[in-house]
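Here's the structure, in structure tokens; my notes come after.
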Amino acid sequence: MPLVYLAVAALAIGFEQLVQWKYGPMGIVAFLALSIGIKAKNTVIGGIGAVILVMLLAH
């Protein structure tokens, strides 16, 4: 089971690095807001993160 947690953590870090490389610091802010909003079940913060990510993707 610890191997699964390690693999998930590695994937999350890899995805975060990919977002930062492609979309810069604003992509990291949006990704963090989205993930915090999902974990806290706060739709406002999650929505803000999602909107920022969509705006970055539409650019």
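Along the sequence shown, the residues carry numbers beginning at 1. Values below: every heavy atom of this structure, side chains too, minus hydrogens, waters and symmetry copies.
Considering all non-hydrogen atoms of both residues, A33 and G49 come closest at CB-CA, 3.8 Å. Closest approach of L53 to A30, counting heavy atoms only: CG-CB, 3.7 Å.
To the nearest 0.5 angstrom, T43 atom OG1 is 11.5 Å from I38 atom CD1. In this structure, CZ on F31 lies 10.0 Å from CD1 on I36, to the nearest 0.5 angstrom. For the atom pair CD1 of I52 and CG of L32, the computed distance is 10.5 Å after rounding to the nearest 0.5 Å.
N42 places a side-chain heavy atom less than 4.5 Å from the side chain of I45.
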